[in-house]
Amino acid sequence: METQKTIRNIFQEFITKTPQIFKNREVLTSEFTPEIIHHRNKEINTIASILAPSLKGARPSNIFIYGLTGTGKTLVSKHIAEELEKISSQGNYPVKVLYINCKMKKISDTEYRLITELTRMLGYSLPTTGLPTDYIYQTFFNALDSERRIIILILDEIDALVEKMGDEFLYNLTRINQDLKQTKLSIIGITNDLHFIEILDPRVKSSLREEEVLFIPYNATQLHDILKHRAEIAFAENVLSEEVIPKCAALAAQEHGDARRALDLLRVAGEIAERMNDTQVTEKHVDMAQEKIDFDRVIESTKALPKQTKVVLWAILELSQTKREDIQTGDVYDIYQNKCKEIGLYPLTQRRISDLISELDMAGIINAKVTSLGRYGRTRVIMFNLSEPVKEKIKAILNESLVV
DNA sequence: AGTCCACAGGAAGGGCAGGCGA
DNA sequence: TCGCCTGCCCTTCCTGTGGACT
């Protein structure tokens with residue numbers, strides 16, 4: 001019964017002694033949609049006026065939205081979509097909005113899954129695999145047409161999908177209006193890859209790009225303003241010390257004006273202060289938050305790696321601690337093979353390892369750059385420059401999961 | 001100027017899992 | 001149960017390449 005007492009004590013203590021930092025923590029998460037979106041009036045007006053004709057039964061132009069991460073693209077689109085649905089429900093021309101994030105693993109990261117998911121959103125059930133793609137398309141088409149209204153399809157992070165499987169499906173989607181009889185479809189494509197549009201097939205490009213909206217990054221002043229509004233709702237009175245918001249804004253502005261990053265910094269700083277039983281959130285907590293966010297991200301992605309990739313990372317870690325000069329793909333492969341033998345794992349080919357290394361690079365765990373060493377060939381030069389505590393933690397995770 | 005290293009990375013295809021209808 | 005479909009991971013085979021060395 002000893003433990004129960006302790007737990008109760010912790011909870012009791014939390015209620016009575018912990019100084020209250022947050023009034024409403026949710027406001028600082030990315031799921032939260034604020035009533036007013038600051039510093040995006042121009043973009044909101046543009047998009048809203050493009051979509052407005054749908055209220056009179058006309059199909060609005062397709063819109064292509066681009067801008068870096070944390071510039072409010074998703075927030076603005078969702079916000080406008082909600083308003084549009086609300087207002088149209090009172091009129092004669094109902095509008096339905098389908099929002100889908102194309103990067104959602106196992107839900108919408110392939111053509112089949114995307115179309116299946118969309119069809120499900122329209123209220124039809126389909127198996128996750130097994131059917132021919134044309135059947136899936138047909139079901140989707142029928143579901144769409146039986147809606148008898150204007151449908152606005154928001155494809156967020158559309159670049160992820162096109163990169164993976166080409167722009168064929170976009171071509172199909174943009175042409176679907178020719179065959180629909182009772183429904184009209186408009187597409188809003190969102191991407192944070194500014195060069196994305198260039199790689200598209202010209203036919204797709206022109207139809208997707210009927211209208212274009214660019215979201216430019218927030219500057220430090222705007223970020224400051226956004227944080228201030230949210231902080232007023234999020235934090236208790238007099239909890240934030242003066243320098244906190246400017247600091248968060250400045251740090252996020254350095255990272256191309258990413259508002260999500262700014263909000264994360266502010267929230268995590270508050271959480272740290274809370275856990276340390278401090279009565280105020282200060283600059284010190286922001287610094288700690290900055291470190292913690294990076295730390296957590298790397299650790300979480302390490303844990304989630306498949307076994308083979310873990311062995312590759314293990315090999316890189318090993319090399320980074322023993323070898324002075326640059327780490328190359330070939331070195332990694334040698335160590336990797338030995339480790340596989342040691343733990344009784346079937347080694348993959350170097351071609352595959354090459355891909356796994358670039359996946360680790362994309363996950364931001366390592367830095368790998370293709371470099372020519374002249375006479376000594378062309379290879380990836382791998383750098384593993386994380387802080388020592390992070391390295392230690394990664395090592396522990398790998399050693400734990402790579403036992404015989 | 002030419003060679004040649006040590007790979008990068010594209011293309012095609014094999015094999016398996018999960019899931020369908022008949 | 002079988003035949004068929006898709007996604008996913010992986011192999012095999014291949015061509016391409018920046019720049020130090022000769």
Side-chain angles (χ1 to χ4, degrees), chain A residues 100-120 124-143 157-173 193 195 198-201 301 304-313 315-316 319-320 323 325-341 343-363 365-384 401-402:
Chain A
I100 195 156
N101 185 315
C102 306
K103 234 183 183 166
M104 298 259 285
K105 280 248 159 82
K106 308 280 176 197
I107 292 179
S108 56
D109 53 351
T110 67
E111 181 176 19
Y112 185 98
R113 284 176 180 160
L114 177 81
I115 302 296
T116 307
E117 183 61 22
L118 290 174
T119 314
R120 283 190 188 140
Y124 292 75
S125 72
L126 280 173
T128 48
T129 164
L131 296 177
T133 313
D134 24 331
Y135 178 80
I136 297 290
Y137 262 106
Q138 196 54 49
T139 314
F140 173 60
F141 182 85
N142 293 339
E157 307 206 52
I158 194 173
D159 49 310
L161 207 52
V162 171
E163 201 169 292
K164 225 177 149 187
M165 36 172 266
D167 50 15
E168 186 79 16
F169 78 101
L170 271 179
Y171 181 67
N172 294 339
L173 281 179
D193 178 354
H195 303 290
E198 304 306 326
I199 63 165
L200 289 178
D201 184 296
S301 31
L305 293 175
K307 195 155 190 177
Q308 290 284 1
T309 318
K310 278 184 179 155
V311 184
V312 176
L313 184 58
I316 294 171
L319 279 166
S320 80
K323 207 166 168 243
E325 67 268 38
D326 296 332
I327 305 170
Q328 301 174 22
T329 304
D331 307 332
V332 175
Y333 191 61
D334 290 342
I335 305 283
Y336 159 82
Q337 276 183 309
N338 290 338
K339 184 68 178 177
C340 280
K341 216 176 281 175
I343 61 171
L345 198 66
Y346 191 82
L348 304 176
T349 55
Q350 182 159 334
R351 176 70 186 84
R352 181 69 188 137
I353 298 308
S354 171
D355 281 345
L356 294 185
I357 290 175
S358 72
E359 276 171 30
L360 283 171
D361 180 36
M362 291 220 269
I365 301 174
I366 60 169
N367 279 310
K369 230 174 99 189
V370 179
T371 313
S372 176
L373 305 172
R375 191 68 238 279
Y376 306 104
R378 220 168 85 93
T379 178
R380 274 202 188 83
V381 171
I382 300 162
M383 281 183 298
F384 197 61
S401 54
L402 296 180

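Letters A, B, ... are given to chains in the order of the sequence lines, protein chains preceding strands, and every chain is numbered from 1. Worth saying up front: this structure is predicted, and the values here are computed from it rather than measured. Heavy atoms only: backbone and side chains are in, while hydrogens, waters and symmetry mates are out.
- Distances shown here put every side-chain N or O of A/Gln328 at or beyond 4.0 Å from the OP1 or OP2 atom of B/dA6.
- In terms of the salt bridge (Lys or Arg N to Asp or Glu O under 4.0 Å) criterion, residue partners of A/Arg351 (sequence neighbours excluded) are, by chain and number, A/Asp355.
- Distance, A/Met362 CE to B/dG9 P: 10 Å, rounded to whole Å.
- Regarding A/Gln350, its CD atom lies at a distance of 12 Å from the C1' atom of B/dG9, rounded to whole Å.
- Taking atom OH of residue A/Tyr346 and atom C1' of nucleotide C/dT11, one finds them 10 Å apart after rounding to whole Å.
- One can place CG of A/Asp326 at 15 Å from P of B/dA6, the figure rounded to the nearest angstrom.
- Taking atom CG on A/Leu345 and atom C1' on C/dC9, their separation rounds to 14 Å, with Å as the unit.
- A/Asp355 places its CG atom 10 Å from the C1' atom of B/dG10, with the value rounded to the nearest Å.
- The side chain of A/Thr379 contributes no N or O atom lying less than 4.0 Å from OP1 or OP2 of B/dC5.
- Residues A/Leu373 and A/Gln328 meet the side-chain proximity criterion, which asks for heavy atoms closer than 4.5 Å.
- Side-chain contact between A/Val312 and A/Leu348: absent, with no pair of heavy atoms (C-beta onward) separated by less than 4.5 Å.
- Using a 4.5 Å heavy-atom cutoff, the side chains of A/Ile365 and A/Phe384 are in contact.
- Taking atom NZ of residue A/Lys369 and atom C1' of nucleotide B/dG9, one finds them 18 Å apart after rounding to whole Å.
- With rounding to the nearest 0.5 Å, the separation of CD in A/Gln350 from CG in A/Leu356 is 11.5 Å.
- A heavy-atom distance below 4.5 Å is not found between the side chains of A/Ile382 and A/Leu360.
- Checked against ring pair (Phe, Tyr, Trp, His ring centres under 6.0 Å), A/Tyr336 has the following partners two or more places apart in sequence or in another chain: A/Tyr333.
- Spacing between atom CD1 of A/Ile353 and atom P of B/dC7 amounts to 13 Å, rounded to whole angstrom units.
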Per-nucleotide protein contact string for nucleotides 12-22 of chain C (B base, S sugar-phosphate only, - none; heavy atom under 4.0 Å): BB---BBBBS-
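- Put simply, A/Thr329 has no side-chain N or O that comes within less than 4.0 Å of OP1 or OP2 on B/dC7.
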